[in-house]
Amino acid sequence: MISSYSKKIFNYATKNKKNIIALLVVLAFIIIFSVFSVLQYYSLDVSAFDLGVNAQEVYSFLYTGSFYTSLLGENALAQHFTLFKFLQVPLYYLFPSPVTLMIFEDIFIALAGYIIYLISMNLLKDHIKSEKILFLVSIGFLLSYEFSPFSESLVSFSFHNMAFLPFFFLLAFYSFLAERRILHIVSIIFIISLHANFVYIVGVLLLYEFLFLHTYRGKKINTWFLHNSNSSKIANFSVFILAIVLLYGYILLAGLIKLHLAGISSFSIIPTSGETGTPVGSPVGLILLMFKKPSEFVSIISSNKGQKVFFINMLLKSNLYLPLLSPMSLILSMPYILYAVPSSYNSYYVLGYQYSAMVLGAIYISAIIGLYNLIKLGKYVNRHSKQLPLKLQKTFHYKGVGIAIVTIIIVLVLAISLPYGILAPVELEHTSYRGVMNDIYNEIPSGDTTYLINISKHLPKNSYILTENTLMPYFSNNLHIYLSTFTPGYYNNLSKYQFIIFQNNSFWATYGGYYSLQNIADRELENGNYSVMENYSSGNIIVLERG
């Protein structure tokens with residue numbers, strides 16, 4: 001029996017050698033990303049938002065049946081309606097550590113590259129008849145994604161459910177191309193499970209797919225939501241409208257549930273998109289502002305314009321501006337554009353945060369289709385090459401020109417991406433706000449993390465703890481962990497905290513002025529309300545105990 005299975009595996013590997021090579025490349029990046037995450041965690045370089053809060057939410061559900069988090073003082077679903085958390089519960093039950101969430105995320109970030117490879121293989125096979133060249137191009141897109149500073153931005157931000165979006169977004173589009181209707185619907189369900197507001201992203205994706213069906217390549221697709229998409233344009237349009245209605249119904253339902261969980265009775269029929277740093281709360285509000293107060297609209301759009309231009313230019317440049325060759329597919333990026341560009345909140349458009357997840361899948365789909373259009377144009381030129389000079393005719397008909405062009409494209413894409421990626425020196429980072437994965441050179445594990453983990457295990461269960469941002473994740477398996485500056489009203493009732501844990505004079509300990517954790521600790525020590533329980537001098541970590 002074992003020999004028969006071995007034979008089947010061997011035969012499968014032989015027939016699918018190219019796919020296995022692509023999967024091995026992805027596996028290598030899963031390992032690289034996971035190693036970085038482990039180093040990051042054990043180097044005391046993670047944050048309460050969003051790793052700590054997500055870990056506490058899942059831990060809380062295991063023991064209370066609710067995603068209540070003391071950091072927010074409410075059920076986390078009341079703030080972000082993320083049903084995807086339910087999938088993390090059994091995983092966290094087996095491996096109850098924030099590192100589990102980080103590695104789980106890294107797997108999906110890296111796997112998105114494989115879906116890009118499949119999309120490229122599927123789309124470009126019409127125009128690239130050479131299997132070797134097609135494979136090279138597709139692997140080139142895979143490597144471009146894995147090395148992309150925008151992918152590494154997702155990894156460097158210790159955890160966020162938004163980081164799963166590129167995988168499911170790309171999977172939805174691939175299943176559409178591959179005519180796998182059930183997988184298509186399941187992928188869409190997963191997208192909106194990540195965040196209720198992602199119905200905007202799904203709506204635009206469905207609109208693009210509907211338009212794509214009427215393009216040269218799309219006419220070859222026989223399955224969309226209906227069994228035969230070409231049977232009736234009206235039927236397809238009707239299904240599209242029905243899908244939009246259902247999505248709108250979902251976001252309204254999510255809004256009602258969020259209000260119920262938060263104990264609020266007021267309700268608006270126009271959902272918000274939730275962006276920070278802008279006076280309008282939805283894309284509809286932004287459009288209305290453009291007509292009502294054009295000067296204010298221009299002021300909003302132009303805020304931090306240098307960073308916005310750099311970020312968008314880098315998105316396009318890292319794919320050799322190929323997305324510009326597919327203007328229709330650029331509508332896939334509109335949800336991000338409408339979310340980030342009107343905002344003055346610069347985290348939306350700098351590296352080192354999770355927000356690139358909203359546009360990463362869209363930009364790679366656009367790049368692949370852009371290359372598809374470029375090859376199509378090249379074939380048109382080739383067919384009319386008799387009108388070209390003799391030297392150019394020979395160049396176009398030279399057998400090795402395809403491989404040469406593909407090699408040049410791959411080298412150029414990697415050359416553009418690498419200076420901002422994991423192999424680049426830290427000095428080449430483009431922003432002073434947050435780093436990307438080239439910070440791996442600075443991730444040096446120390447005894448601080450081990451000390452904090454041991455402390456968290458030995459403190460009385462369910463004890464009330466007040467701590468700072470970078471220390472909180474190591475106490476996330478505690479139902480009563482509170483955070484200075486972030487937990488609402490954390491300083492109003494200091495007598496409830498049995499322990500105060502901080503790094504003496506660290507940034508987060510001193511953040512918050514008069515109400516900073518450092519000032520609180522100094523005042524409480526001076527008044528005799530707390531005493532030093534432990535002082536870990538190597539990491540400058542102090543544990544205060546009440547009484």
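- The CD1 atom of Ile188 sits 12.0 Å away from the CZ atom of Phe173 when rounded to the nearest 0.5 Å.
- Residue pairs that meet the side chain to side chain donor-acceptor pair (under 3.5 Å) test with at least one member in residues 78-98, sequence neighbours left out, are Asn54-Lys85, Glu57-Lys85, His80-His195, Gln88-Asn161, Tyr92-Asn477.
- Side chain of Ser318 to main chain of Met314: a donor-acceptor pair is present (N/O by atom type, distance under 3.5 Å, no hydrogens or angles).
- Of the residues listed (Tyr353, Phe36, Phe33), the one engaging Ser156 in a side chain to side chain contact (heavy atoms under 4.5 Å, CB included) is Phe36, and it is the only one.
- Evaluation of the side-chain hydrogen bond (donor to acceptor under 3.5 Å, both in side chains) rule for Ser538 yields no partner, not counting sequence neighbours.
- Remark: the backbone N or O of Met162 is not paired with any side-chain donor or acceptor of Gln354 at under 3.5 angstrom.
- Partners of Phe169 by ring-ring contact (aromatic ring centres under 6.0 Å, His included), not counting sequence neighbours: none found.
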Pairs of donor and acceptor atoms involving the side chains of residues 452-464, under 3.5 Å and at least two apart or interchain, shall be tabulated with distances.
{"from": "Asn454", "atom 1": "ND2", "to": "Thr450", "atom 2": "O", "distance (Å)": "3.2"}
{"from": "Ser456", "atom 1": "OG", "to": "Ile453", "atom 2": "O", "distance (Å)": "2.6"}
{"from": "Ser456", "atom 1": "OG", "to": "Tyr474", "atom 2": "O", "distance (Å)": "3.4"}
{"from": "His458", "atom 1": "ND1", "to": "Asn454", "atom 2": "O", "distance (Å)": "2.6"}
{"from": "Ser463", "atom 1": "OG", "to": "Pro460", "atom 2": "O", "distance (Å)": "2.8"}

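- Partner Tyr497 forms a ring-ring contact (aromatic ring centres under 6.0 Å, His included) with one of Tyr491, Tyr490, Tyr482 and no other, that one being Tyr482.
- Residues forming a side-chain hydrogen bond (donor to acceptor under 3.5 Å, both in side chains) with Asn535 (at least two apart in sequence, or on another chain): none.
- A centroid separation of 6.0 Å or more is found between the aromatic rings of Phe104 and Phe159.
- Ser158 places no side-chain N or O within 3.5 Å of a backbone atom of Val46 that could act as its donor or acceptor partner.
- Residues meeting the side-chain contact (heavy atoms from CB on, under 4.5 Å) test with Ser506, sequence neighbours left out: Glu468, Gln503, Ala509.
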| request: Start with the C-alpha gap between Phe168 and Phe164, add the side-chain angles, then the distance that decides, and say whether ring-ring contact (aromatic ring centres under 6.0 Å, His included) holds. | output: CA-CA 7 Å; Phe168 292 115; Phe164 295 90; 7.1 Å; no

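- Between Tyr250 and Ile192, some side-chain heavy-atom pair lies under the 4.5 Å cut-off.
- Between the side chain of Ser476 and the main chain of Gln56, no donor-acceptor pair closer than 3.5 Å is present.
- With contacts defined as side-chain heavy-atom distances shorter than 4.5 Å, the pair Phe86/Phe61 qualifies.
- Here the side chains of Phe167 and Ile109 are not in contact, with every heavy-atom distance at 4.5 Å or above.
- For the ring-ring contact (aromatic ring centres under 6.0 Å, His included) criterion with Phe150, the lone passing option out of Tyr349, Phe311, Tyr364 is Phe311.
- The shortest side-chain heavy-atom distance between Leu206 and His184 falls under the 4.5 Å cut-off.
- Judged by distance alone, the side chain of Asn519 and the main-chain N or O of Gly513 form a donor-acceptor pair under 3.5 Å.
- Using a 4.5 Å cut-off on side-chain heavy atoms (C-beta onward), Phe81 and Leu83 make contact.
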For residues 540-547, run the donor-acceptor check on the side chains, cut-off 3.5 Å, and write out each pair with its distance to 0.1 Å, sequence neighbours left out.
{"from": "Asn540", "atom 1": "ND2", "to": "Asn504", "atom 2": "O", "distance (Å)": "3.1"}
{"from": "Arg546", "atom 1": "NE", "to": "Ser495", "atom 2": "O", "distance (Å)": "3.4"}

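- Residues satisfying the ring-ring contact (aromatic ring centres under 6.0 Å, His included) criterion with Phe49, sequence neighbours excluded, are Phe486.
- Contact detail for Ser60 and Leu479: the closest heavy-atom pair is CA-CD2, 3.7 Å.
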| query | Could you walk me through whether Leu517 and Leu466 pass the side chain to side chain contact (heavy atoms under 4.5 Å, CB included) check? | reply | CA-CA 8 Å; Leu517 193 58; Leu466 180 64; 3.5 Å; yes

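- A side-chain donor-acceptor contact under 3.5 Å links Ser187 to the backbone of Leu183.
- The closest donor-acceptor contact from the side chain of Ser516 to the backbone of Tyr511 lies at 3.5 Å or more, if one exists at all.
- Under the ring-ring contact (aromatic ring centres under 6.0 Å, His included) criterion, Phe475 pairs with no residue at all, not counting sequence neighbours.
- Every residue two or more places apart in sequence or in another chain was checked for a side-chain hydrogen bond (donor to acceptor under 3.5 Å, both in side chains) with Ser484, and none qualifies.
- With sequence neighbours excluded, the residues forming a ring-ring contact (aromatic ring centres under 6.0 Å, His included) with Tyr451 are Tyr536, listed by chain and number.
- The closest donor-acceptor contact from the side chain of Thr470 to the backbone of Leu44 lies at 3.5 Å or more, if one exists at all.
- A cation-pi arrangement is not found for Arg523 relative to Tyr530, the charged atom failing to lie both closer than 6.0 Å to the ring centre and inside a 45° cone about the ring normal.
- In this structure, the side chain of Ser193 engages the main chain of Phe190 through a donor-acceptor pair within 3.5 Å.
- Ring orientation note: the planes of Tyr339 and Tyr348 are tilted relative to one another, at an angle of 30° to 60°.
- In this structure, the side chains of Val155 and Ser151 stay at 4.5 Å or more apart for every pair of heavy atoms.
- In this pair, His160 and Tyr355 present their aromatic rings tilted. The plane angle is within the 30 to 60° band.
- By the side-chain hydrogen bond (donor to acceptor under 3.5 Å, both in side chains) test, Ser66 pairs with Asn75, sequence neighbours left out.
- Contact of the Leu91 side chain with the Leu87 side chain is not registered, since no non-hydrogen atoms from C-beta on lie closer than 4.5 Å.
- In this structure a side-chain-to-backbone donor-acceptor pair under 3.5 Å is present from Lys308 to Ser343.
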| Going through the checks in order, is the side chain to side chain contact (heavy atoms under 4.5 Å, CB included) test met by Ile465 and Gln498? | CA-CA 6 Å; Ile465 303 169; Gln498 296 163 261; over 6 Å; no

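- In this structure, the side chains of Leu142 and Val25 come closer than 4.5 Å at one or more pairs of heavy atoms.
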